[in-house]
Amino acid sequence: MEIEAKRWGFRGKQELNAASASTVRGYLNQIIARINKDNSSSVIRLGHGDPSHFPSFKTTPAAEDAIVDALRSAKHNCYAPSAGVLPARRAIADYLNRDLPCKLSPDDVYLTSGCTQAIEVAINVLSRPGANILLPRPGFPYYESCSAYNHLEVRHYDLLPEKGWEVDLDGVESIADENTVALVIINPGNPCGNVFSYEQLHKVAETARKLGILVISDEAYDNLAFGSTRYVPMRVLGSTVPVLTLGSISKRWIVPGWRLGWIVTSDPNGILKKSGVIDSIAEFLNISSDPATFIQAATPQILENTKEDFFSKIISTLRECADICYNRIEEIPSLTCPKKPEGSMFVMVKLNLSMLEDINDDMDFCLKLAEEESVIVLPEKQRINGCRDSSEIEELASHYFCY
């Protein structure tokens, strides 16, 4: 039986195409598709922040035991409150309270499905017609994708490689205006591998306060610092400027697939409450998904029972890997590393295209590396979006890759 031709009233959403194409996964899919299936070499995946793929990075048995206990108790097969179960929120507040002048309470903590959903919450809550947000360049491209999908204008400020990837604060002030809602920092840095000093964070807080905007501090790699700069969370400056901290157990505990994250408000002056941001966070979570209840229930035991030697071994391994990468890069004439990584799980590498044959830009390099050597790295083009003109794209985007 033939269906009579007619005009159907549905169609795909075009905005999703552009938003998805500029994500890490979008670029990874393009690069992975170029792997030569006839090549017998094992694929070396260095293009994604998932350490669990590698045998050197395994989570602690304390975390696994906590999950098993929560499941076998049969007490956590139910729906959870939209903000998360209270014991988990209390445990996360206690975990984050170390060295804080103004202590967090469970009411300051909202559980999310990983740090990715925390980003979605923050962007959705802050987006409004005509508003703009300041993102780091280089940065994590999901912020661009999420902002574009929510019609929130993106303006980029630079991280300065010649100054160890410090924030260009003069640039921040030059691009902000009365419609700017927030400034995003990523600390430890993704993808630059930098760690901001307290002095730098204080300057960021003072600048944001001057501009009347809040700071979104992406701390997905919190405490994964192994260089000379001590890791300091942005929330210590919550009395200077309102801070939304985004975090998770994904990286520090090597369990990105467990999807347990949080968005935390640090605002002893109550500015976020007065502006309606707190209410909007709660309201958005009422219409979104939650982390699995048994994962939430296991969180207090995970945080309490993990021994310090587990973290020390992870840091030691990361430091060793960073040393090896940096030293080997320094031996290759066509590659340079602006700054030795001190945190997170990434290193930024600059290409000298004049010394490479038949390589047009960073994407071309990554595609051919995958095809010829089965090695996956990410082009920095996907992280340096929104450049002001074509010459800037050529100077910044085409010369860097990261892994």
Side-chain angles (χ1 to χ4, degrees), residues 83-84 86 88-112 115 117-119 121-126 133-136 143 157 166-167 169 172-173 176 180-189 194-225 229-249 252 261-282 284-285 303 343:
L86 181 58
R89 290 159 54 212
R90 181 182 295 116
I92 291 169
D94 292 342
Y95 166 71
L96 298 176
N97 268 335
R98 291 169 296 179
D99 302 322
L100 281 189
C102 300
K103 300 302 183 184
L104 301 169
S105 78
D107 291 337
D108 299 317
V109 179
Y110 304 84
L111 301 190
T112 60
C115 199
Q117 192 193 20
I119 295 173
V121 173
I123 297 300
N124 273 274
V125 163
L126 295 173
I133 188 169
L134 310 184
L135 303 182
Y143 284 97
Y157 67 86
E166 285 188 1
V167 174
L169 292 172
V172 167
E173 293 198 44
T180 304
V181 294
L183 177 148
V184 173
I185 65 167
I186 305 175
N187 186 40
N194 60 303
V195 177
F196 291 123
S197 67
Y198 174 82
E199 291 73 22
Q200 172 78 171
L201 294 178
H202 187 266
K203 292 177 182 177
V204 169
E206 291 288 353
T207 301
R209 179 188 179 96
K210 176 182 176 182
L211 296 172
I213 61 178
L214 63 83
V215 175
I216 298 174
S217 184
D218 185 324
E219 298 174 7
Y221 293 89
D222 78 309
N223 287 288
L224 294 181
T229 305
R230 185 173 70 92
Y231 168 71
V232 178
M234 187 72 202
R235 58 187 172 273
V236 302
L237 295 161
S239 59
T240 301
V241 65
V243 177
L244 296 182
T245 297
L246 315 184
S248 76
I249 64 172
R252 199 178 188 207
W262 52 78
I263 181 167
V264 173
T265 59
S266 302
D267 181 33
N269 298 316
I271 299 169
L272 296 176
K273 180 65 175 177
K274 295 173 185 175
S275 64
V277 170
I278 300 293
D279 291 339
S280 292
I281 291 174
F284 183 82
L285 290 173
L303 299 181

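Predicted model, so just to flag it, every value in this text is computed and none were measured.
With a 4.5 Å cut-off on side-chain heavy atoms, L244 and I281 count as touching. Contact annotation: the side chain of V121 never approaches that of Y110 to less than 4.5 Å [non-hydrogen atoms, C-beta and beyond]. Residues Y95 and D222 have side chains in contact (heavy-atom distance under 4.5 Å, counting atoms from C-beta outward). At least one side-chain heavy atom of V236 sits under 4.5 Å from a side-chain heavy atom of L100. Here the side chains of L201 and V215 are not in contact, with every heavy-atom distance at 4.5 Å or above. Within the 4.5 Å cutoff, no side-chain heavy atoms of P242 are placed close to those of N269. Side-chain contact between I216 and I133: present, with at least one pair of heavy atoms (C-beta onward) separated by less than 4.5 Å.
In plain terms, the two heavy atoms of M234 and I185 that are nearest each other are SD-CD1, 3.7 Å. Nearest approach of P188 to V195, heavy atoms of both residues: CB-CG2, 4.1 Å. Summarising the geometry of A93 relative to P106, their closest heavy-atom pair is CB-N, 4.1 Å, with the distance given to 0.1 Å. Of all non-hydrogen atoms in G238 and V243, the two that sit nearest each other are CA-CG2, 4.3 Å. Residue C115 comes nearest to S248 through the heavy atom pair N-CB, 4.0 Å, listed as atom of the first residue, atom of the second, then distance.
With hydrogens and angles ignored, the 3.5 Å screen pairs no side-chain donor or acceptor of R235 with any backbone N or O of V264. A donor-acceptor pair is defined here as one N or O able to donate and one able to accept, closer than 3.5 Å; no such pair exists between the side chain of Q200 and the backbone of E166. For the pair N97 (side chain) and K103 (backbone), a donor-acceptor distance under 3.5 Å is absent.
Atom CD1 of I186 is separated from atom CZ of F196 by 8.5 Å, given to the nearest 0.5 angstrom. For the atom pair OG (S266) and CG (L214), the distance works out to 11.5 Å, reported to the nearest 0.5 Å. With rounding to the nearest 0.5 angstrom, the CG atom of L285 is 8.0 Å from the OG1 atom of T112. Atom CG in N194 sits 7.0 Å away from atom CG in N187 (nearest 0.5 Å).
The side-chain hydrogen bond (donor to acceptor under 3.5 Å, both in side chains) check on D218 picks up Y143, with sequence neighbours excluded. Qualifying side-chain hydrogen bond (donor to acceptor under 3.5 Å, both in side chains) partners for Y157, counting only residues two or more places apart in sequence or in other chains: none. The side chain to side chain contact (heavy atoms under 4.5 Å, CB included) test applied to R230 returns V232, not counting sequence neighbours. Residues satisfying the side-chain hydrogen bond (donor to acceptor under 3.5 Å, both in side chains) test with S217, not counting sequence neighbours, are E219. The ring-ring contact (aromatic ring centres under 6.0 Å, His included) check on F284 picks up nothing, with sequence neighbours excluded. Judged as a side-chain hydrogen bond (donor to acceptor under 3.5 Å, both in side chains), and not counting sequence neighbours, R90 has no contacts. Scanning for ring-ring contact (aromatic ring centres under 6.0 Å, His included) contacts around Y221 gives F346, with sequence neighbours left out.
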Point to revise | L111/I92 under side chain to side chain contact (heavy atoms under 4.5 Å, CB included): CA gap, chis, key distance, verdict | key: CA-CA 9 Å; L111 301 190; I92 291 169; 3.3 Å; yes

Review point. Going through the checks in order, is the salt bridge (charged side-chain N to carboxylate O under 4.0 Å, His left out) test met by D108 and R89?
Key: CA-CA 8 Å; D108 299 317; R89 290 159 54 212; over 6 Å; no

Practice item. Check step by step if side chain to side chain contact (heavy atoms under 4.5 Å, CB included) holds for L237 and Y198. Key: CA-CA 9 Å; L237 295 161; Y198 174 82; 3.7 Å; yes

Which pairs would a plain distance check flag for residues 270-280, meaning a side-chain donor or acceptor within less than 3.5 Å of a matching protein atom at least two apart in sequence or in another chain?
unit_1, atom_1, unit_2, atom_2, d
K273, NZ, D279, OD1, 3.2
S275, OG, I271, O, 3.1
S275, OG, L272, O, 3.1
S280, OG, G276, O, 3.1

Under 3.5 Å, which donor-acceptor pairs do the side chains of residues 202-212 form with other protein atoms, sequence neighbours left out?
unit_1, atom_1, unit_2, atom_2, d
T207, OG1, K203, O, 2.8
R209, NH1, T240, O, 2.8
K210, NZ, E173, OE1, 2.9

